[in-house]
Amino acid sequence: MTQSVLIVGAGPAGLALAIGLAKAGIAVTLVERQAEDELVEPVFDGREIALTHASIAALKRLGAWDRIGADAIHPLAEARVFNGASPLALSFAPGRSGMLQLGSLVSNCDIRRALFAAAREYPCIELVSGTGVKRVATCENETRIWLDDGSDRAASLLVAADSRFSAIRGQLGISARMNRLGKSMLVGRVAIERDHGHVATEWFDHGQTLALLPLGEGQASAVVTLADGQAQRLAGLDEDAMGAELTRRFARRFGEMRMLAPPHLYPLTTTYAHRFVTQRAALIGDAAVGMHPVTAHGFNLGLAGTEWLALLAASAWQRGMDLGSPHLLRRYQAGHHTATWPLYAATNAIVGLYTDERRPGRLARRIGLRAVRLVPVRHTVTKMLMQGA
């Protein structure tokens with residue numbers, strides 16, 4: 001059988017991997033439940049992605065970055081974290097790195113549009129859209145999927161990129177830590193009266209977490225995380241009432257807030273697969289690791305994982321090796337686990353610390369903030385944010 005790769009899921013991770021493989025000359029079949037026109041022009045979903053310098057460099061290598069309009073890229077100069085009503089902020093800035101910003105904010109839909117446009121440039125990427133996967137089977141010599149439209153495909157390697165609730169992961173017999181947090185994140189674009197200064201700000205407040213992500217002049221993305229029921233009630237408000245409620249919750253820090261687009265509601269679930277590979281199959285993106293959005297590293301880790309798998313596959317391809325070999329898959333798993341587990345565990349610890357409303361939790365939070373304000377600790381965190389700069 002001619003060596004090739006099957007990717008299920010044409011989100012950012014699936015598209016990035018398809019391009020990375022195609023650049024090496026590897027044939028790819030990309031299967032996506034959505035129709036092709038939805039991939040060509042993805043709808044705005046409210047999500048703004050904080051891209052590190054490493055991720056921007058990766059998107060450039062994939063031929064996607066230059067397809068994103070300059071007006072859709074917003075500089076992220078600094079990040080500040082507040083605990084409740086305390087005026088003291090934990091600040092992360094580029095410092096001595098010589099860079100002027102931590103990274104950039106770009107809408108998820110703009111990244112997806114650019115990646116899909118870049119993928120269409122490669123004849124060796126076959127898109128099968130508008131159909132789902134009914135069944136998956138792997139064996140010693142190949143992997144095969146059967147689609148809802150009655151067709152089937154075979155390849156040397158199958159890659160699941162179909163979200164943190166991955167059906168393919170389940171069919172492959174790979175279990176995952178899944179933590180439904182009982183909270184939902186409401187995100188919406190707003191007009192603000194006071195300048196955001198290109199600073200991303202987050203407040204861990206009593207019973208809620210608030211964030212403001214800087215976009216264009218006088219615009220931002222407001223993020224409110226609440227218990228599921230409260231978030232649903234907030235999402236049900238009309239445009240004027242929503243603006244007034246956000247203004248109140250943000251304590252008028254940015255003046256009056258006015259909705260510019262309907263808000264989007266996302267129930268929060270974190271995921272970490274117990275393994276990233278099995279016989280002739282691998283997991284990437286959220287199918288492998290679904291991060292809590294508080295540290296904004298989910299997309300960046302997913303993109304780094306696709307680069308690592310594409311690099312391993314390209315090397316194997318050039319040496320005439322099997323793309324689904326156990327050796328290649330073990331190397332991918334080891335590298336991706338090393339890159340993701342510390343951040344996943346640290347992120348969950350941060351969420352636990354800053355959302356614990358009990359007195360010991362509040363005390364630990366104050367002590368933790370003082371510790372992180374120390375220069376060596378802040379330098380370490382900033383270096384992580386500036387990776388690839």
Salt bridge or not for D110 and R47, using N-O below 4.0 Å? no
How would you list all residue pairs meeting side chain to side chain donor-acceptor pair (under 3.5 Å) that involve residues 57-72, not counting sequence neighbours? R61-E307
State plainly whether the residues D240 and R258 are in salt-bridge range, i.e. N to O under 4.0 Å. no
With no hydrogens and no angle check, is any side-chain donor or acceptor of E121 less than 3.5 Å from a backbone partner on A118? no
Pairwise side-chain contact, I145 with K134, heavy-atom cut-off 4.5 Å (strictly under): no
Rounded to the nearest 0.5 Å, the CZ atom of R189 sits from the CG atom of L215 at a distance of 5.0 Å
Please report the interatomic distance CZ(R253) to CZ(F82), rounded to the nearest 0.5 Å. 7.5 Å
Basic-acidic side-chain contact under 4.0 Å: D228, K183: no
Going by an N to O cut-off under 4.0 Å, is there a salt bridge joining E256 and R252? no
Identify which one of V8, V128, D152 satisfies the side chain to side chain contact (heavy atoms under 4.5 Å, CB included) criterion when paired with L147. V128
Qualifying residues under salt bridge (charged side-chain N to carboxylate O under 4.0 Å, His left out), relative to D286, sequence neighbours excluded: R164
What pair of heavy atoms forms the shortest contact from A200 to L213, and how long is it? CB-CD2, 4.2 Å
Compare every heavy atom of L226 with every heavy atom of G207, then report the nearest pair and how far apart it is. O-CD2, 3.6 Å
If we only count heavy atoms from C-beta on, is the L15 to L30 side-chain gap below 4.5 Å? yes
With the threshold set at 4.0 Å, does a side-chain nitrogen-carboxylate oxygen contact exist between E142 and R153? no
List, by chain and number, the other hydrophobic cluster members for M178, where Ile, Leu, Val, Met, Phe, Trp and Tyr join if side-chain heavy atoms come within less than 4.5 Å, directly or indirectly. F165
